[in-house]
Structure formats: structure tokens, C-alpha cells
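Hydrogens, waters and symmetry mates play no part in the numbers below; they use all other heavy atoms, side chains included. First the proteins, then the strands, lettered A, B, ... as listed; each starts at 1.
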Amino acid sequence: MAEKKLLLIDGNSVAFRAFYALYNSVDRFTNHDGLHTNALYGFNTMLDKLLKTEEPSNILVAFDAGKKTFRTEKFAAYKGNRNKTPKELTEQLPYFPDLLAGYGIKSYQLVNFEADDIIGTMAKAAENQGYQVTIVTGDRDLTQLTTDKVTVAVTKKGVSEVEYYTPEYIAEKFAGLNPRQIIDMKALVGDSSDNYPGVTKVGEKTAIKLLTQYDSVEGIYQNIEQMKQSKLKENLLNDREVAFLCKNLAEIRQDAPVEISLADTKWTGVDDEKLRTFYQEMDFKSFLSKMQVSEEKTAAPLEYTVLTAANLDLISERQPKEVAFYLEMDGPNYHKAELTGFSLKLDDSYFVSRNCQLLKQPALKELLAKQAVDVFDVKRTYVGLKRLGLDLARVDFDLLLVSYLLDNSENSNDLGILAQAHGYQEIASDEVVYGKGAKFKLPSDDDVYFEHLVHKVKAIAALKADLYQQLKANQQEQLYFEMERPLSLVLAEMELAGIKVDTDCLESMQSKFKERLAEIEQVIYQEAGKEFNINSPKQLGTVLFEDLGLPYAKKTKTGYSTAAPILEKLQGQAPIVDNILQYRQLAKLQSTYVEGLLKVADEADHKVHTRYTQTLTATGRLSSVDPNLQNIPVRLEEGRKIRQAFVPSKPGWEIFSSDYSQIELRVLAHISGDENMQAAFKRGLDIHANTAMNIFNLDSPDEVTPNLRRQAKAVNFGIVYGISDFGLARNIGITNKEAKTFIDNYFAAFPGVHQYMQKSVALAKKQGYVETLFKRRRYLPDIHAKNFNLRSFAERTAMNTPIQGSAADIIKVAMIRMNEMLAKENLAAKMLLQVHDELIFEAPKEEIPILERLVPEVMDSAVKLTVPLKVESKHGRSWFDAK
DNA sequence: GTAGTCACG
DNA sequence: ACGTACGTGACTACC
């Protein structure tokens, strides 16, 4: 901490800036009482940062005392045109003293004076006593106070970024002016926000010119007679009084009668208790946890026992009622990461070790195989133990899964972060303890590492009762116990099984693509007239739209858009366009699929083991990572061939695949209760053709041309996504008006769907969330947003999530049933992949007829809807051939 | 680390 | 008037 350093903060100004910086999400920042908190939040962020960067010895926050000041006495209109402070901000103002008290910071206001004058006065006093001073404000006027000892930090772009004004910086920015001349400049130019006029027709440039020549307002008027006749001179003469009045108003007082001394501003540090109470009141969870982490370092160490081969009897002699277990690894990919330690909570005792081989000892092995265990991420834990040849037989509470079901908007998969989000502050995130990215490193210090691991099992146990209670309150017990938890094990088995890739096949594709890419590359260089990096959108944009002068259709933030739909519009205008599209397509296949898969295929058995993220999506779908096996090409023939490389793991086996046909539309028919739509499915009609007949008023199916059907299909998709005329219009290339007609016709034909859409949005508004068939929740705070975009997005989400999410629920149930069925029927077939509405298996050829019968049976009976579910199956020697 | 692009349902 | 389709992950370039 610097010996004598004073931080002066312009309270009102910074609060305003903070408020408007977070104005777009003003409705996201509310506490449990509905109080808006965005300005407080922004102010806090700024303070936090400032204290770290400035390390002041003294701090004072100055506030305006009221509207009436000595300036309004001189000039009644002063600040007279200010808009009324928004009520969302007004309601926050009373809480600033609490925030400041938490930080242990003094605040001050003075009747008849503005915050500026308090700051000016204090700055001068401090400077005289040898302090370094930093003034923080959102108001550039204060830069007039800048000296060698006084720096003015003006907030920009939000509040945490500031622009530092020093005398040198001012000189540079305003063509050589000194800080005192800022006052003169303002007097001449005027200030619209403070509502005083300045001299007619004088702007910043003219003011700088005048001040460079005559130094000040006084200097100008002393010399005005010698100025040659001009409009400017005339204006100056006319507005003489105004100019002097404005200068008087603009000048910040440095002699205000403040009753506060520098000694009073001495900063003695944060008042933890008060600040914590304040954060709790405001629901500032991230700040709370930040506090906790820094405090934890000084907290009393947790008692635990380090397990060794010699003291395992400490485990075996116990008969614990409650067991929590955590298995640590050195990376996210639990199929490959090293097992780096574990921790265990047996009732009130904690055990920990770096040596995971200990888990194979009978004492621990049997505990895991027999006891009900609470964990964080059962799938990860299950796979990790399987790699040691161990079973995890009975999992009760999974903190990760339950957290996800309670609120999937907090989609972190970090134990510490989730625990904090649920109010348990006694743990840090992995990122804090281990670092991230290249800096990731497990602590070599046993105390640090063991304590973190022990905190993990402690957090799991501590949250169990409360989170179960919440599940119950949400009626989500079935969702957890009967769907997500059993599904975790099904997914674990699928991941462990892996799918074999034919690496020879991929390698031959690789060399073929390499050749073709090289050829096309040369042609493109010729057509462009130069060599450049085709993979760089920036360089490509320059070549197409500048060098070749093609008309550009759209710009991105950083340049021209070169996305496929844009380029497709340019086809025919230059042959290079086709070649680029071709190049892009091949490059994508090569880098992402051919080379991507080769990279992750196991050397020995040529299998790839994806990981399904079960706790990520907002709708309840799974996602697949490392590698992503849910986006293997299929739409274009060229890419589809990648699927030839996905083959059964054993000779004489085949790939078998079953997919739900139009599951989302069937779900919509079910939940909307629309009779017309339900009838179409019950009669087994072609749903898109049926929609075409309805929206285009056709009498017979014969009138449905392929083009009409295509358009109707787009409308059906649009409905599922939460339709808008603009979106539909853009998708199928019609006018907004035509799109609107289609939609109106659709809603007229399917009134139940229309009602469902309205009901979903209304429900989201009323309860703050929407639900799927199985009571999976998605919270939509933006449904109340003032911002049109945010609100519209939330409305579309309210319509889409129950549809997409219920479809996800259905296939999850089907997967659990499927695994049971495979076991019960004693089949060798294995379920390997899930692609949202499709399940992929490998099976001995002789089991194929059995699967053709049983898989659709299981899938379409997974959930009983008011419309039938339809399942289509296919099989072949590779995934490509299962078509 | 972010942006642009493109693969899937 | 606002300015959008819903849900994902991986790769490359570029700061």
C-alpha cells in the first residue's frame, strides 16, 4: 500500500455509469426481493478492481446532496434538462451506503455543493499534504483537476475500464491545452447535459484554437478588439456574459466548506461481516464466493486422514451410514486422464489419498461395490473406477446431476462453482485451485491438494438434503431417480464400449482429399491472381470483394461475410466462388472428420470413445464431445462417406440404427392437443404434405408439389423453433408478408398449436420457467426484459423448449429401457451412440432381425402420447450402409 | 480468448 | 421501431 494515496470517487456519476453499463440486462440483476441491483453490482465490480490496482491509503466517495446548489442559484436552468432518473436506479441509491460501509469506505455530501466540488476541495488539500490522488468519475469535466499529483480516471465502456487523464494526456488529446483550460473550453463550448449554452457556434475545435492563442476566456475578451471582424467575433461579443457565467459554472470549487479531514478518509480495509451481509441481501453470489475463497486460506484446516496401505483398517472397521466419494483426475477426458487422487467421507470422518491403486484394496473396493455412495458426476466416477477394474454399484445423490435438474442455466460442470451457486461457500472452484488451460497443474503441496479434495466430499454431503428437498418441491424426483441417474450408467457403458473406426478407410480418404485440396488450391490462386490463405475469412474477403470486385452482400463485425449462403448468391459471377465452396467443403471434412477422428482413435483397437455431456444443454438434450459423434456428415453425399469409416468392432457384425420419425412434431401434437394435427399423425399422413394442404388451401394431396411441400416443411420447423415471419422468410427466401400469411394460415388450420404457443409464453411470464413432459425446467428470466431482442428470444425459447426438451426426455427413457431389454433378452448387441432422435447399435448379424422387431417396440412405447411414435430402422456393414 | 465458419438434430 | 429462427461442438485464423 502506498504511503499517501487518496482515492476520490464521484459517487453519483459512477453509479449512473454502472447503471447504464448494465442497462441491457437490468432485469437480470434483481435480488430475491425484486430490487434491481445492476448499478450496485457494477459499482462493486469497479471498487473491487480499483482497490487492487490503486492500493489507496485513503478513500472518499462524494455524493451530490440534492438538486439545489450554488450553481442553480446563479443559473436556474443548471442541469434543468436532465431526464428523470429511472426508478430502477432510484430504488438502488439507498443501498450505496451499505455497500460502502461493507468496504469500510467513508462517503460524504455537502448541502449546496456538488460531488465535484467536494472532490476538487479534497484533491487540493491532499495534494498540498503530499498525497498522490486518483479521482474516479464518469464525467470528463473533472479532468480540469488534473495536476502532476492528481490523476483523473474517467470510466469508459462500462465501469471497470477507465481512461487515465494526466496533464500530458490532456495536452495530447486537446492539442496542447492544459487542465485548467478544460474549464475555459467548457465555458466556450457549453454543456448540453448540464444545460448551459456556451458561446453560439463555438465547438471543440474553435475553442482549442482560441485558447491556444489567448489562453483563457479572460484572455480572449482582453484581446477581442484586435480580432478581425468575423461571425465568430460577433458571437463572442454577443455571448460575453454567457461565457463568463458558464466559466463560473464549469469551474469546480476547491474551497468548498467541507467538514471532513484527510485523516477521516483513512482506509482501514473491508468489513467482512458487513460486506457479506450486503452481498447476501443483494444475491451477489459470485462476489460472496470470491470473499469465501480468500477467507478460506486463513480458515482453520479441515481434519482428515491420509490413507496408506497400512491404515486401511480405519475404513474396514467402520459401518458408515453415509458415504461420499470423489475421484480426481488430471484432465476433463475421464477415459484417458490420469487418476490422481480420491477423497472419502464416512459419516463425519474424512480420508484422502493420491494413490488410487489403494481403491483396489478390499476395504475400499467393497465399500464402493456395496454401499450407497454420494458423488459428483456419477458417469465420470463410474468410468474412472471401471478403468481400475472396480464397480460403483449404488449411487444415491449425484450433486452434478441434481444441480443440473434444478437449474440448467448454471451450466458449469465444476463442483466448486455449483456448490457456491447453491449457497455452499466453503469450497473453491478447480480453476482457482488448479489453474486452467496451459497453467493447469495439480498442487504438489499435499496440504493444498488434500484439503481441496476433502472439501469436495464435504460439499457433496452438505448439499444433499437441501437439494433433494428442492427436487421434491419441483416434482423432479422421478426425473432424477428414474431418468437422469440411471441414464448416466447407460451412457457410461456406451462410452466405454466405443465405436470402431476403420482407420485404413480414413487414411485413404485423407490422401485423396489432400490431393484434391491441393488441386483446387492452385486453381483458386490462379483465379485470384495471387496466393493467399483460403482458410482465412479476412484474406478471402479481401480477394473476393476488393481484388476481384465482387458485390458484397453482408458485413460481419470484422469484415466481409464469406459464409456459404453469401457465396452461393455469387455463384455464376466468377468461377472462383464454386471452387471456394468446394474447397471449404473438403477442408472441413479433412480437418474435422478425417484427421479429427484419426487423432482420437485408439492405436490398438481403433475405437473412439466420445463423452456425452449430460449436464450441459438448456433443453435436456445430450451433447457429445471429444470427439463429437453427433455431427458426423450425412446431408451431402461427399461427407456422408465419412460414415463408411464407422464399423462394427467384431467380424460378422453390423451397424444397426433406429430413429424417431418427426418426434418433435409429434410431441407438439401431443402437448398442444391440436386435433387437426393429431388426426394427421393418427392417420399416418405425410405430415409436411398435410401442412401444405392446410396452409395453401389445397383440396387434394395431388396438388402438393415438391416445392409446396418443401415450404410447408420449413413452416413446420419454424413452428417448432418458435416462429417469426422474418425467420421463416429468410429461411425459404420469401417476403415477410408472404411468410406472415403462411403462419396465419397455419394457426388458423391448427388453432390448438396457436393456443399452445401463447400459453407457453404466458406461463413463462407467470412462473419464470417452462417445463417438459417430464418436468425438466428451463428458467427464462429474459421473458420480462425491456430489450426487444432478449425478450423475443426468451419467448421463442418458451415455445421451443417444451418441444425439444420433451423429445429429449422420450429418447432418454427409451435408452434406459433399451439397455434393460438387451440384458433381459441376453443379446450381444450393444447400444453405442445417440444422435438426438436416433440410436445406433452394433450387433451380430443374426441378432439383426430381433433388433428390427424389439428396438422400435421399445422406442415407440417408451412414452405414451396421444399420437403414435414412429420408428424407422436400418442396418448395414457400416454406419454409411445403415441407410 | 474471440470470431467466423460449418457439421449435426 | 426494434431485428430474430431452436439446440449443439470443432476447426482455423488472428488478436
Side-chain angles (χ1 to χ4, degrees), chain A residues 408 411 436-438 532-541 554-567 580-581 583-597 599-600 610-613 616-636 638-640 642-643 659-665 668 714-732 736 739 743 770 778 785-805 807-808 811 833-838:
Chain A
N408 53 17
N411 66 2
K436 67 168 169 180
F532 65 102
N533 188 343
I534 307 169
N535 289 319
S536 161
K538 194 177 159 193
Q539 294 182 34
L540 179 61
K554 200 179 149 189
K555 283 215 169 195
T556 62
K557 276 180 219 163
T558 50
Y560 308 102
S561 172
T562 65
I566 306 276
L567 296 187
I580 287 164
L581 287 166
Y583 179 92
R584 281 251 180 92
Q585 197 197 338
L586 292 180
K588 176 80 175 178
L589 294 176
Q590 180 78 316
S591 66
T592 304
Y593 297 103
V594 176
E595 289 172 349
L597 283 169
K599 246 183 268 170
V600 292
T610 186
R611 277 152 33 233
Y612 289 102
T613 324
L616 181 141
T617 69
T619 54
R621 276 190 176 184
L622 303 174
S623 88
S624 158
V625 293
D626 198 14
N628 181 355
L629 295 182
Q630 288 182 323
N631 71 345
I632 302 301
V634 66
R635 291 173 190 166
L636 299 174
E638 189 78 44
R640 190 173 200 150
I642 298 286
R643 294 181 174 222
D659 67 290
Y660 284 113
S661 162
Q662 280 125 21
I663 187 167
E664 293 189 345
L665 286 172
L668 175 60
V715 172
N716 279 336
F717 271 99
I719 293 294
V720 168
Y721 292 155
I723 194 109
S724 75
D725 48 10
F726 186 96
L728 178 63
R730 208 187 52 169
N731 193 356
I732 52 177
N736 284 7
I743 295 166
V770 289
R778 179 170 186 180
K786 290 194 189 2
N787 180 302
F788 175 87
N789 267 339
L790 285 178
R791 192 178 61 250
S792 302
F793 189 18
E795 287 169 359
R796 290 196 296 273
T797 312
M799 303 184 236
N800 170 267
T801 294
I803 304 171
Q804 192 182 119
I811 197 166
L833 305 174
Q834 187 252 44
V835 192
H836 309 306
D837 62 359
E838 178 184 12

Nearest-0.5 Å distance that lies between atom CD1 in Ile723(A) and atom CE in Met799(A) | 9.0 Å

Where are the stems of DNA chain C, defined as at least 3 consecutive Watson-Crick or wobble G-U pairs with both distances under 3.5 Å?
-> B:1-9 with C:6-14

With sequence neighbours excluded, residues passing side-chain hydrogen bond (donor to acceptor under 3.5 Å, both in side chains) with Thr613(A) = Ser623(A)

Pick base, sugar-phosphate or nothing for Asn731(A), based on heavy-atom distances below 4.0 Å to the nucleic acid.
-> base

Let me know the distance between CG of Leu597(A) and C1' of dC8(B), rounded to the nearest Å.
-> 14 Å

Mind calculating the distance between CD1 (Ile566(A)) and C1' (dG4(B)) to the nearest angstrom?
-> 12 Å

Considering residues at least two apart in sequence or located in another chain, which fulfil the side-chain hydrogen bond (donor to acceptor under 3.5 Å, both in side chains) criterion with Thr619(A)?
-> Gln804(A)

So which heavy atom on Asn535(A) is nearest to which on Ala587(A), and how close?
-> OD1-CB, 4.3 Å

Using a cut-off of 4.0 Å on non-hydrogen atoms, how would the nucleic acid contact of Glu664(A) be classed: base, sugar-phosphate, or nothing?
-> nothing

Give the rounded distance in Å between these two atoms: CG of Leu629(A) and C1' of dG9(B).
-> 14 Å

Please work out if Ala807(A) contacts a base, only the sugar-phosphate, or nothing of the nucleic acid, heavy-atom cut-off 4.0 Å.
-> nothing

Residue pairs meeting salt bridge (charged side-chain N to carboxylate O under 4.0 Å, His left out), one or both in residues 625-636 of chain A, sequence neighbours left out, come to Arg611(A)-Asp626(A)

So, for Gly722(A) and Arg796(A), which heavy atoms are closest and what is the spacing to 0.1 Å?
-> O-CD, 3.0 Å

d(CD, Glu838(A); C1', dC8(B)) in whole Å = 10 Å

Considering just the side-chain nitrogens and oxygens of Thr562(A), establish if one lies under 4.0 Å of OP1 or OP2 belonging to dG4(B).
-> no

Any Arg640(A) side-chain nitrogen or oxygen under 4.0 Å from OP1 or OP2 of dA7(B) = no

B/S/- contact track for nucleotides 6-11 of chain C, protein heavy atom under 4.0 Å | BBSBBS

Touch check for Arg635(A), heavy atoms < 4.0 angstrom, all strands: base, sugar-phosphate only, or nothing?
-> base

Which of dT4(C), dC14(C), dG4(B) is nearest the side chain of Asn789(A)? It is dT4(C)

Identify, with sequence neighbours excluded, every residue that meets side-chain hydrogen bond (donor to acceptor under 3.5 Å, both in side chains) alongside Arg643(A).
-> none

What about Arg584(A): does its side chain form a donor-acceptor pair under 3.5 Å with the base of dG4(B)?
-> no

How many Å lie between CD1 on Ile580(A) and P on dC6(B), as a whole number?
-> 11 Å

Ignoring backbone atoms, test whether Ser724(A) places a side-chain nitrogen or oxygen under 4.0 Å from the OP1 or OP2 oxygen of dG3(C).
-> no

Taking all atoms of both residues into account, what is the closest heavy-atom pair of Phe793(A) and Thr797(A), and its distance?
-> O-OG1, 2.6 Å

Protein-nucleotide distance (Gln539(A), atom CD; dT12(C), atom P), rounded to Å = 15 Å

Could you tell me whether the phosphate oxygens of dT12(C), OP1 or OP2, come under 4.0 Å of any side-chain nitrogen or oxygen in Asn533(A)?
-> no

Euclidean distance, atom CD of residue Gln590(A) to atom C1' of dT12(C) [Å, nearest integer] = 14 Å

What heavy-atom pair brings Gln539(A) and Phe532(A) nearest, and what distance separates the two atoms?
-> OE1-CB, 3.6 Å

State, to 0.1 Å, how close Arg791(A) and Ala785(A) come at their nearest heavy-atom pair, and which atoms those are.
-> NH1-O, 2.9 Å

d(Leu540(A) CG, Ile580(A) CD1) to nearest 0.5 Å is 4.5 Å

How far does the P atom of dC8(B) sit from the matching atom of dG3(C), given to the nearest Å?
-> 31 Å

Interatomic distance, Asn787(A) CG vs dT4(C) P [rounded to whole Å] = 11 Å

Identify whether any heavy atom of Ala794(A) sits under 4.0 Å from a base atom; if not, whether one sits that close to sugar-phosphate; answer base, sugar-phosphate or nothing.
-> nothing

Pick the P atom in dA7(B) and in dT4(C), then give their distance to the nearest Å.
-> 23 Å

